[in-house]
Amino acid sequence: MMIASVCQKVISLIYFTILARQIGPTNIGIYTSALAMTTIFVIFVDLGFTNVFIRESARDKAGMQKLLSSVLGAKLLCGAASYAAMFITLKALNFEPEFTLMVIISGITMLFDSFNLTTYGALRAQNNLRYESFSLLASQFLSMIIGLTAVFLGLPIYFLILAFTIPSSLNSLYSATILRRKYGLRVTPAFEWPELKRIAIMSLPFALAAIFGRIYSYVDVIMLKKIAGNVAAGIYSTPSKITFAFQFIPMALVASLYPRFSQYFAEDKEKLKQLFLDSLRYLLIIAIPISVGIAILSRDIILLFFTAKYAPSILPLRILIISLVFSFISFPIGSFLNAVNKQNVQTGITAVILFFNFTLNLILIPRLGAVGAAIAALSGNILLAALGYFYVVKLMAIRQKYILKLTVKLILGAITMAIVLIYSRDLNNLLARVILAGAAYLATIVSLKAITVLEIKQITSLIKK
């Protein structure tokens, strides 16, 4: 899953970079805003059903078929309602016809993606990420081929949305076939009202948390488009895309962690605590150097890959990339709270963050544009991680000194890396600078025993397996 996610994000970033260069900030603003609008509404199709499905199926695989059919039935009903609500919202907000058409097409992709979320959730509950990994990579590659073909043929911009719809529909057929042949599971919806009611009650906290979290993650782009215009949305979308590209790391980790968190909560609390601490540790080891490195190299990255047209994106990138550290650790924190039946807490936290972020955006976007949206995102991610960690500590005894010492060591490693990056500016080779800085960071944290050579070998061995 990690390897597939790396490749998928690399393809996605290459694809987005080419698009940004070819169609310019205005069109990229329309394009990313359309995707953001659809991404907000897709959460109303799932409403936390998949989280409940994975958690319950990981604990009781014998009842997976009944639960799968009921979840699919619930999502079919929610999908029809969500699509209608999205159409009404578009009319109410009076967006331009081109943007409206793109969102309507993207809404079809939304329905396929929600179906895929549940079918691959069934495979996750079976501890099988292989097929999802393959589909992740194949779908992104196909999207890039279709999208770039449309760009170079000079087709209308809405063809860029079809580049997602076609692979998503094929992915639905693939996942349904795998479930049937590999595990004998049928992807047929069921409408047994007592079962749907039971699932809905369990899913409600997940649903609210997911709705709040999804709106929090994407509303800034919509607000930028509406308040500051398409160009501002395009300028912000570039650093946002770069920052989001790295989220495959915690997402891939949580994909395998969540079922284990649920299992260990029922069977072994000590293993649960150790697994949580390990996830925080490794994510911090990865996130801190990425954030510091890109913050220093932001000008080089924007001008080299996106051209001078996107120079206003440099400062938003510096701000957004720092938020990556807090975003990373929020993933296992949220997953842990959901797995230990504290989804109500997670829901409350995301509600607070949504209100906080929305208010900041309203204040800052009219004054600072894309920079204001970046500041709001950074502030929201810091608060999200802090509140979540506060509740985890209340539930589980964690060695605070251990976390503090680890963070200090990693910061020292990042400072060493930053010095190498700054003093190697005379090198015209960006890749060489990154490799030198990475080596300096790794050498520093190994010497400070933030991570040992043996652990690096163990991680390498696990990845190979």
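FYI, the numbering just counts along the sequence from 1.
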At what distance, to the nearest 0.5 angstrom, does [atom1] of [X] lie from [atom2] of [Y]?
| X | Y | atom1 | atom2 | answer |
| --- | --- | --- | --- | --- |
| Ser237 | Phe244 | OG | CZ | 12.5 Å |
| Ser335 | Phe276 | OG | CZ | 9.5 Å |
| Ser169 | Phe164 | OG | CZ | 13.5 Å |
| Ile285 | Leu406 | CD1 | CG | 6.0 Å |
| Leu297 | Ile314 | CG | CD1 | 12.0 Å |
| Tyr441 | Leu412 | OH | CG | 10.5 Å |

Measure from the side-chain N and O atoms of [X] to the backbone N and O of [Y], and report whether any donor-acceptor pair falls under 3.5 Å.
| X | Y | answer |
| --- | --- | --- |
| Lys309 | Arg21 | yes |
| Thr119 | Asn116 | yes |
| Ser323 | Asn381 | no |
| Lys409 | Ala450 | no |
| Thr359 | Phe355 | yes |
| Arg425 | Leu421 | no |
| Ser298 | Ala295 | yes |
| Tyr310 | Ala20 | yes |
| Asn361 | Asn357 | yes |

Run the side-chain contact (heavy atoms from CB on, under 4.5 Å) check on Phe305 and Ile242 step by step: do they pass? CA-CA 11 Å; Phe305 294 106; Ile242 294 171; over 6 Å; no
Test item: [X] and [Y] side chains (from C-beta on) under 4.5 Å apart, heavy atoms:
| X | Y | value |
| --- | --- | --- |
| Thr243 | Ser327 | no |
| Leu320 | Tyr236 | yes |
| Met223 | Leu362 | yes |
| Thr444 | Ile415 | no |
| Thr350 | Leu354 | no |
| Phe115 | Asn171 | no |
| Leu160 | Leu19 | yes |
| Ile11 | Leu137 | yes |

Does [X] have more than 12 heavy atoms from other residues, nucleotides or ligands lying within 6.0 Å of its [atom1]?
| X | atom1 | answer |
| --- | --- | --- |
| Tyr389 | OH | yes |
| Tyr402 | OH | yes |
| Tyr391 | OH | no |

So, for Phe246 and Phe328, is the gap between ring centers shorter than 6.0 Å?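 Not under 6.0 Å, so no.
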Report the C-alpha separation of Ile319 and Val371 in whole Å, then their side-chain angles, then the decisive distance to 0.1 Å, and conclude whether the side-chain contact (heavy atoms from CB on, under 4.5 Å) test is met. CA-CA 8 Å; Ile319 298 168; Val371 173; 3.9 Å; yes
Using the side-chain contact (heavy atoms from CB on, under 4.5 Å) rule, take Leu317 and Phe306 through it: C-alpha gap first, then chi angles, then the decisive distance, then the call. CA-CA 13 Å; Leu317 176 57; Phe306 295 93; over 6 Å; no
Work out which heavy atom in [X] is nearest to a heavy atom in [Y]; give both atom names and the distance.
| X | Y | value |
| --- | --- | --- |
| Ile445 | Gly413 | CG2-CA, 4.2 Å |
| Ile161 | Met102 | CG2-O, 3.7 Å |
| Ile363 | Pro366 | O-CD, 3.8 Å |
| Leu364 | Ala376 | CD1-N, 4.2 Å |
| Ile222 | Ser33 | CD1-O, 3.3 Å |

Determine, step by step, whether Tyr31 and Asn230 satisfy the side chain to side chain donor-acceptor pair (under 3.5 Å) criterion, reporting the C-alpha distance in whole Å, the side-chain angles of both residues, the deciding distance to 0.1 Å, and the verdict. CA-CA 9 Å; Tyr31 168 72; Asn230 290 324; over 6 Å; no
Any chance the side chains of Asp113 and Ser168 put a donor and an acceptor closer than 3.5 Å?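 Side chains of Asp113 and Ser168: pair found under 3.5 Å.
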Just by distance, no angles: are the side chains of Tyr120 and Ser135 close enough, under 3.5 Å, to form a donor-acceptor pair?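 Yes, side-chain donor-acceptor contact under 3.5 Å.
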Applying side-chain contact (heavy atoms from CB on, under 4.5 Å) to Ser12 and Lys241, what does each step give before you reach the verdict? CA-CA 9 Å; Ser12 176; Lys241 182 69 174 179; 2.8 Å; yes
Tell me, with the steps shown, if Phe134 and Tyr174 meet ring-ring contact (aromatic ring centres under 6.0 Å, His included). CA-CA 10 Å; Phe134 170 76; Tyr174 172 72; 5.7 Å; yes
Charged tip of Lys225 within 45° of Phe99 ring normal and under 6.0 Å: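 Yes.
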